[in-house]
Amino acid sequence: MDMITSMVAQKPVVIFSKNTCCLSHSITSLIRNFGANPTVYELDEITNGGQIESALIQMGCQPSVPAVFIGQNLIGGSKRIMSLHVRNELVPLLMNAGAIWV
């Protein structure tokens, strides 16, 4: 958990992803389309990706990716992000975290 805490510290938006996950790509694209520049960690490309994935599962991420943190808080996966988007609650979250300004 400390590893993840340090990875999301001081970053408005962090997405834990895998290259092979189409939902990860879709969620990253959605957030970028609002003008945010998320930090994306591709778990299948980094050396400790397996450890991070295990920690995300322990934090309640099922499936483990995409796992989206906004304002250093775990928001959730693709279903949660899409739900926030449909209810027009995603943009205010991004604005409050300083990820977008408009």
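Screening residues 58-78 for side-chain hydrogen bond (donor to acceptor under 3.5 Å, both in side chains) gives Glu53-Ser64 as the qualifying pairs, with residues at least two apart or on separate chains.
Here Lys18 contributes atom NZ and Glu42 contributes atom CD; the two are 10.5 Å apart, rounded to the nearest 0.5 Å. The distance from the CG atom of Asn37 to the NZ atom of Lys11 is 12.0 Å, given to the nearest 0.5 Å.
Both Met59 and Val14 are assigned to one and the same hydrophobic cluster, defined by single-linkage of ILVMFWY side chains at heavy-atom distances under 4.5 Å. Transitive grouping of hydrophobic side chains (ILVMFWY, heavy atoms separated by less than 4.5 Å) brings Leu74 and Met3 into a common cluster. Val40 and Leu56 fall into different hydrophobic clusters, where Ile, Leu, Val, Met, Phe, Trp and Tyr side chains are chained together by heavy-atom contacts under 4.5 Å.
Taking all atoms of both residues into account, the shortest heavy-atom contact from Ile81 to Leu30 is CG2-CD2, 4.0 Å. When all heavy atoms of Cys61 and Ala67 are compared, the pair lying nearest together is SG-CB, 3.9 Å. A pairwise comparison of heavy atoms in Pro66 and Ile15 identifies CB-CG2, 4.3 Å as the closest pair. Val65 and Phe16 make their closest contact through CG1-O, 3.5 Å (heavy atoms, listed as atom of the first residue, atom of the second, distance). The shortest non-hydrogen separation linking Arg80 to Arg87 is NH1-NH2, 3.5 Å.
At least one side-chain heavy atom of Asn48 sits less than 4.5 Å from a side-chain heavy atom of Ile46. For the pair Ser17 and Leu43, the minimum side-chain heavy-atom distance is 4.5 Å or more. In this structure, Met82 and Ile27 have side chains that are in contact, with non-hydrogen atoms separated by less than 4.5 Å. Put simply, the side chain of Tyr41 reaches to within 4.5 Å of the side chain of Met7, judged on heavy atoms. Using a 4.5 Å heavy-atom cutoff, the side chains of Phe69 and Ile75 are not in contact. Side-chain contact between Leu94 and Asn96: absent, with no pair of heavy atoms (C-beta onward) separated by less than 4.5 Å.
Thr28 and Arg32 share no donor-acceptor pair across their side chains, judged by distance under 3.5 Å alone.
Atom CD of Gln10 sits in a sparse spot, with 12 or fewer heavy atoms from other residues, nucleotides or ligands closer than 6.0 Å.
A donor-acceptor pair under 3.5 Å is formed between the side chain of Ser29 and the backbone N or O of His25. Of the possible donor and acceptor atoms, one in the side chain of Asp44 sits under 3.5 Å from a partner among the backbone N and O of Asn19.
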Next on the checklist: Working note: Thr39 + Val13, criterion side chain to side chain contact (heavy atoms under 4.5 Å, CB included); need CA distance, chi angles, decisive distance, verdict.
Outcome noted: CA-CA 6 Å; Thr39 300; Val13 181; over 6 Å; no

Item to check | Candidate pair Ile70 and Val68, rule side chain to side chain contact (heavy atoms under 4.5 Å, CB included), full reasoning | outcome: CA-CA 7 Å; Ile70 299 176; Val68 180; 3.9 Å; yes

